[in-house]
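Just so you know, these numbers come straight off a predicted model, no measurement behind them. Side chains included, hydrogens not; waters and symmetry mates left out as well; all remaining heavy atoms used. Ligands are counted one by one from 1 in listed order, and the atoms in each one are counted from 1 as well.
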Amino acid sequence: MTTGYPIDLHTHSLRSDGALTEVELVRRAAARAVKIQALSDHDTLVGVAAAVAEGERLGVRVIPATELNTESEWGDVHILSYFVDPHDEALEERLRWLRENRGRRIELMVEKLNALGYAVSLDRVRDIAQGGSLGRPHLAQALFEAGHVPTYDSAFATLISKDSPAYVSRVGLAPLEAVALVREHGGVPALAHPGTTVGLEQILPELTKAGLAGIECYYPSHSPTWTAYCLRLAKQWGLTPTGGSDFHGRGEHGADLGAVFVPPETIAALEAKRGSAYHSTRVEGEL
Ligand code: AMP
Ligand code: FE
Ligand code: FE
Ligand code: ZN
């Protein structure tokens, strides 16, 4: 197996929408010479303990994380939350609420699909998720298996992406709420794949005020120009540039583990921002 860069701060297992178990994921990271990996499943920390244990065995430091998707007029604002504690009961309660909302949303989408003539069963979708955070990727997989779409990705394109016939919007956190939640629980929030945020320069000051600590400048689909732009924004707002592959192991979304370069100083910079007392001291708009 070809090797990747040593740091990957954005990865998914089948505890949310990835294809590999958390243990298989860490094994793949080790095989690709990744030394520091954040497990960042959507709305759950359930895979962290087993991933950390496997990482200790194989020499991979696994950083506990979760990716919180949000719902607002700002497009797809996803907040990566580093160094959160899987034993934090109050945080788990909030994550459970998010997962319940995910479940209801997928149930409604299944109903819509069935009404549109695309027979798909909720039980099969749940089986595909194997107890993890239910999401559209599991639904896409079920649609593909049932022969309703030619590929996994085309399920999104034709049926379940925003503005598609079977789409149902998410009920969950607004971007500022997600950042605040992470801070309240001692985590370090970073904005994932900033290219999916609509009005990035308008929302970034607000997110920073709420406690945002990092921005994912290094990401598989970023052009050099876009990475440079994100680095300028990071400097302007005192945010730590982060990066990761967004590996899922299915579909075309993301890239393989260790696929992007992440500067080694990133980890210490994020660690220095731990603790709920942290607030950016930057003057607004200062370059
Ligand atoms: P959900 O959290 O249920 O809304 O699903 C969002 C996830 O679906 C993302 O994290 C991606 O993994 C995947 N996804 C979203 N849009 C697409 C797309 N157009 N093609 C493939 N996967 C997608
Ligand atoms: Fe995902
Ligand atoms: Fe994301
Ligand atoms: Zn992701």
Query raised in the report: Atoms of ligand 1 less than 4.0 Å from G135 heavy atoms?
Result: 3 (O)

Query raised in the report: Under 3.5 Å, N or O to N or O, is R102 touching ligand 1 that way?
Result: yes

Query raised in the report: By number and element, which atoms of ligand 1 are closer than 4.0 Å to a non-hydrogen atom of D153?
Result: 20 (N), 21 (C)

Query raised in the report: Quick one: do the H193 and E216 side chains pair a donor with an acceptor below 3.5 Å?
Result: no

Query raised in the report: Quick check: does H78 get an N/O under 3.5 Å from an N/O on ligand 1?
Result: no

Query raised in the report: CG of L270 to CG of L80: how many Å apart, nearest 0.5 Å?
Result: 10.0 Å

Query - Contact atoms of ligand 1, heavy-atom distance to H248 under 4.0 Å - result: 12 (O)

Query raised in the report: Applying the side chain to side chain contact (heavy atoms under 4.5 Å, CB included) test to V182, which of L68, L212, V188, L91 qualifies?
Result: L68

Query raised in the report: Does the shortest distance from the Fe ion (ligand 2) to an N/O/S atom of E67 fall below 2.8 Å?
Result: no

Query - Which of the ligand 1 atoms, numbered from 1, are nearer than 4.0 Å to a heavy atom of N69 - result: 2 (O)

Query raised in the report: Does E265 CD have over 12 foreign heavy atoms under 6.0 Å away?
Result: yes

Report summary line: Checking distances from the Fe ion (ligand 2), one finds that the N, O or S atom of D17 closest to it is OD2

Report task. Can you measure from NE2 (H12) to CD (E22) and round to the nearest 0.5 angstrom? Result -> 14.0 Å

Query raised in the report: Salt-bridged, E107 to R102, with N to O below 4.0 Å?
Result: no

**Report entry** N/O/S atom of H10 inside 2.8 Å of the Zn ion (ligand 4), strictly under
**Finding:** yes

Query raised in the report: Run the side chain to side chain contact (heavy atoms under 4.5 Å, CB included) check on E201 and L233 step by step: do they pass?
Result: CA-CA 8 Å; E201 291 195 35; L233 289 176; 4.1 Å; yes

Report task. Could you tell me if any non-hydrogen atom of P137 lies under 4.0 Å from any atom of ligand 1? Result -> yes

Requested in this report: Mark up the atoms of ligand 1 that fall under 4.0 Å of a heavy atom belonging to D17, in ascending order.
Outcome: 7 (C), 9 (C), 10 (O), 11 (C), 12 (O)

Query raised in the report: Hey, is there an N, O or S on H42 sitting under 2.8 Å from the Fe ion (ligand 2)?
Result: yes

Report task. Taking atom CZ of F156 as the centre, report whether more than 12 heavy atoms of other residues, nucleotides or ligands fall under 6.0 Å from it. Result -> yes

Query - Side-chain donor-acceptor contact under 3.5 Å, T2 with R32 - result: yes

Query raised in the report: How many degrees, to 10°, between D246 OD1 and E67 OE1 as seen from the Zn ion (ligand 4)?
Result: 170°

Query - Proximity to ligand 1 by part of I106, non-hydrogen separation under 4.0 Å - result: neither

Report task. Would you mind running through ligand 1 and noting each atom that sits below 4.0 Å from a heavy atom of R105? Result -> 1 (P), 3 (O), 4 (O)

Query raised in the report: Does any N, O or S atom in H12 come within less than 2.8 Å of the Zn ion (ligand 4)?
Result: yes

Query - Donor on one side chain, acceptor on other, D41 and S16, under 3.5 Å - result: yes

Report task. Tell me whether L257 is reachable from V23 by hopping between hydrophobic residues (I, L, V, M, F, W, Y) whose side-chain heavy atoms are closer than 4.5 Å. Result -> no

**Report entry** Closest to atom 2 (O) of ligand 1 (judged by heavy-atom distance), picking from R170, R250, H193, H42
**Finding:** R170

